[in-house]
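Let me begin by presenting the structure, written as structure tokens, before commenting on it.
Both backbone and side-chain heavy atoms feed into the values below; hydrogens, waters and symmetry mates do not. Each residue takes its place number in the sequence, starting with 1.
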Amino acid sequence: MSGGHPNQFALLAQRRFAPFFAVQFLGAGNDNLFKFAFTVMATYQLQLAWMPPSLAGLVIGAVFILPFVLFSATAGQLADKHDKALLARWVKSLEIAIMAAAVWGFVHADAVMLLACVFGMGLHSTLFGPVKYAYLPQHLDERELTGGNGLVEMGTFVAILLGNLAGGLLMAVPEAGARLVAFACLGVALLGRLVAQAVPRSPAPQPDLVINWNPFSETWRNLRLAHEDPVVFRSLLGISWMWAFGAVFLSQFPAFAKDVLHGDEQVASLLLVLFSVGVGVGALLCETLSRRHVEIGLVPLGAAGMSVFAVDLYFAAHALPASALMPVGAFVAQPAHWRVMADLTLLALAAGVYSVPMYALIQLRSPVTHRARIIAANNILNALFMIASALGAGALLGAGLSIPGVFLVAGVVNALVAGAVFWFVPEYLLRCLALLHGRLLRRLGVAGVPPPADGAALLVGPAPEGADLLLPAAAGPRPLRWVVDRRRLAGPGLGALLRRAGAVAWVPAHEDAAAHAEAVERAAQALAAGELVGLFVADEAGRAATLAAVLARQPVPVLEVRYVPGRPAVLSLEARPG
């Protein structure tokens with residue numbers, strides 16, 4: 001693994017990333033080409049009593065997602081037990097077999113065969129999911145992980161977009177549409193298998209793992225495994241919520257375009273384009289915004305954008321005047337629709353900013369030997385959340401709520417969910433506030449030795465006033481465990497947030513010997529756990545005594561911090577000798 005690349009796009013020219021990226025891109029594209037073409041066929045051509053046009057999309061989506069619930073746990077075990085490059089080739093070979101059966105289904109208009117192939121492609125995606133996200137940390141270092149995840153997220157949504165567009169356009173070709181779709185799906189599967197041959201070896205982290213083939217007991221075991229690290233588990237829940245949130249919008253685009261925006265099928269396609277481009281741009285922005293680190297401080301910004309633009313979308317769309325269905329040119333020409341398009345694009349961009357750091361954090365924090373199984377747990381939760389999302393949106397619509405009203409509910413619920421996440425995991429909000437304060441208000445510059453990206457270390461210095469106390473956290477890529485005067489923690493606002501994040505209340509030994517000893521013990525325990533600890537107190541003699549006591553218990557590297565206030569502000573960090 002190597003760093004030093006100018007940006008994430010350099011990865012697309014490297015064998016450790018490019019073939020893998022192409023394989024996942026082709027797989028996601030083929031999933032959606034096949035599903036959307038079958039949905040169009042079931043809606044306009046087959047006229048089946050057991051799958052009427054109004055339910056075709058719902059039935060096909062449910063059959064596709066079922067394997068994620070049933071087999072994700074098994075897929076995670078396989079990805080921990082076997083070489084991921086080998087698994088990618090097996091999965092791509094399975095895709096060829098499924099698409100060969102789909103050729104028969106399309107040519108003979110056999111809906112049962114095609115529905116079985118939908119289940120097969122769901123299984124194909126289920127098996128590839130843990131490979132996809134466990135592969136990245138095996139080949140990318142910490143400074144490349146956010147950029148690599150951003151590319152994968154962007155590629156996934158662009159593939160979804162292109163697959164849907166291709167499926168619709170090919171199926172619409174008179175007389176030959178079904179055959180064109182059939183051979184396009186088979187061709188993409190063959191190309192994916194060819195490219196998979198170039199994916200580099202990715203040795204199994206636990207080759208002696210004994211597979212538990214019971215999907216129910218293993219699913220429960222995976223969820224318990226993920227729950228062992230609260231930050232990882234809550235990140236899994238956060239990602240799953242993002243998929244549930246996004247599914248509300250994606251599932252409603254056709255009806256939203258027709259019934260609310262009064263646009264034709266091209267307008268529905270435009271909404272999909274805007275959403276996909278927005279997510280892709282947001283995902284790619286994460287590397288720049290995070291300065292090439294795994295930066296959880298971006299998550300609250302993304303969550304806020306998701307809620308703000310979802311709520312504004314309601315106000316932009318809920319009272320549009322009725323009109324005849326208009327083509328995309330006429331739709332775009334009306335200024336009243338520009339706000340709708342901007343809201344949808346920015347909402348999707350915020351979702352990209354929200355999700356990529358969480359994916360990277362899960363990959364970085366999960367144990368290597370169990371990483372694929374934890375990612376499998378994420379896939380299970382994603383599927384369950386998306387099912388709940390579909391049921392919830394359906395219930396709201398059934399109760400008479402309008403589609404913009406459903407979007408409004410999604411935005412408000414997102415704000416409540418994000419608030420709960422940041423209350424239980426305050427590190428997200430603290431990192432966000434530190435970034436905003438350091439970059440926007442203080443335009444912070446860092447001189448000397450940067451805080452280490454991993455491993456225990458101790459930052460020591462005077463306590464900056466007010467919100468400037470956050471600046472040492474903005475100097476590095478990691479959450480900081482503060483050790484500060486207990487008076488700074490006693491008040492509301494920043495003090496309350498620091499308390500929630502586990503800040504250590506410091507008091508001079510001569511005032512309260514027991515409280516001082518407890519502060520030393522807690523700081524030493526945090527360092528023993530590999531955390532970055534910041535000892536920031538104004539009392540120079542007390543700070544020196546506390547530093548000596550902590551180092552006596554837990555010897556670690558020490559960085560002396562000097563703060564020069566102003567705009568721009570400067571933090572100077574120097575390694576302490578010895």
I'd like to know if the side chain of [X] reaches the main chain of [Y], judged simply by a donor and an acceptor atom lying under 3.5 Å from each other, with no hydrogens or angles considered.
| X | Y | result |
| --- | --- | --- |
| Tyr135 | Pro130 | no |
| Arg234 | Phe424 | yes |
| Asn378 | Ile374 | no |
| Trp338 | Val332 | yes |
| Ser307 | Gly411 | yes |
| Arg522 | Gly502 | yes |
| Gln77 | Asn212 | yes |

- [ ] State, with a plain yes or no, whether a side-chain heavy atom of Phe34 is found less than 4.5 Å away from one of Ile98.
- [x] no
Task: Phe309 and Leu344, any side-chain heavy atoms less than 4.5 Å apart - done: no
- [ ] State whether Asp80 and Arg371 are salt-bridged, where the test is any N-O pair (Lys NZ or Arg NE/NH1/NH2 against Asp/Glu carboxylate O) under 4.0 Å.
- [x] no
Open item on the list: Is the distance from the ring center of Tyr359 to that of Tyr133 below 6.0 Å?
Closed with: yes
Do [X] and [Y] have side-chain N/O donor and acceptor atoms under 3.5 Å apart?
| X | Y | value |
| --- | --- | --- |
| Gln24 | Thr156 | yes |
| Glu287 | Asn149 | no |
| Thr146 | Glu295 | no |
| Tyr428 | Ser235 | yes |

- [ ] Evaluate side chain to side chain donor-acceptor pair (under 3.5 Å) for Asn30 paired with His124, printing each intermediate quantity in order.
- [x] CA-CA 11 Å; Asn30 212 19; His124 150 269; over 6 Å; no
TODO: Drop me the distance from Trp241's CH2 to Leu381's CG, to the nearest 0.5 angstrom.
DONE: 14.0 Å
Open item on the list: Tell me whether Arg339 at atom CZ has more than 12 heavy atoms from other residues, nucleotides or ligands lying less than 6.0 Å away.
Closed with: yes
Open item on the list: Around atom NE2 of His227, are there more than 12 heavy atoms from other residues, nucleotides or ligands closer than 6.0 Å?
Closed with: no
TODO: Verify side chain to side chain donor-acceptor pair (under 3.5 Å) between Thr74 and Glu218, making sure each step is shown before the conclusion.
DONE: CA-CA 7 Å; Thr74 304; Glu218 187 61 26; over 6 Å; no
- [ ] Assess whether side-chain contact (heavy atoms from CB on, under 4.5 Å) is satisfied between Val232 and Leu361, documenting all intermediate values.
- [x] CA-CA 7 Å; Val232 169; Leu361 178 67; 5.8 Å; no
TODO: Would you please test Tyr314 and Phe407 for ring pair (Phe, Tyr, Trp, His ring centres under 6.0 Å) and show each step?
DONE: CA-CA 6 Å; Tyr314 164 79; Phe407 294 166; 9.5 Å; no
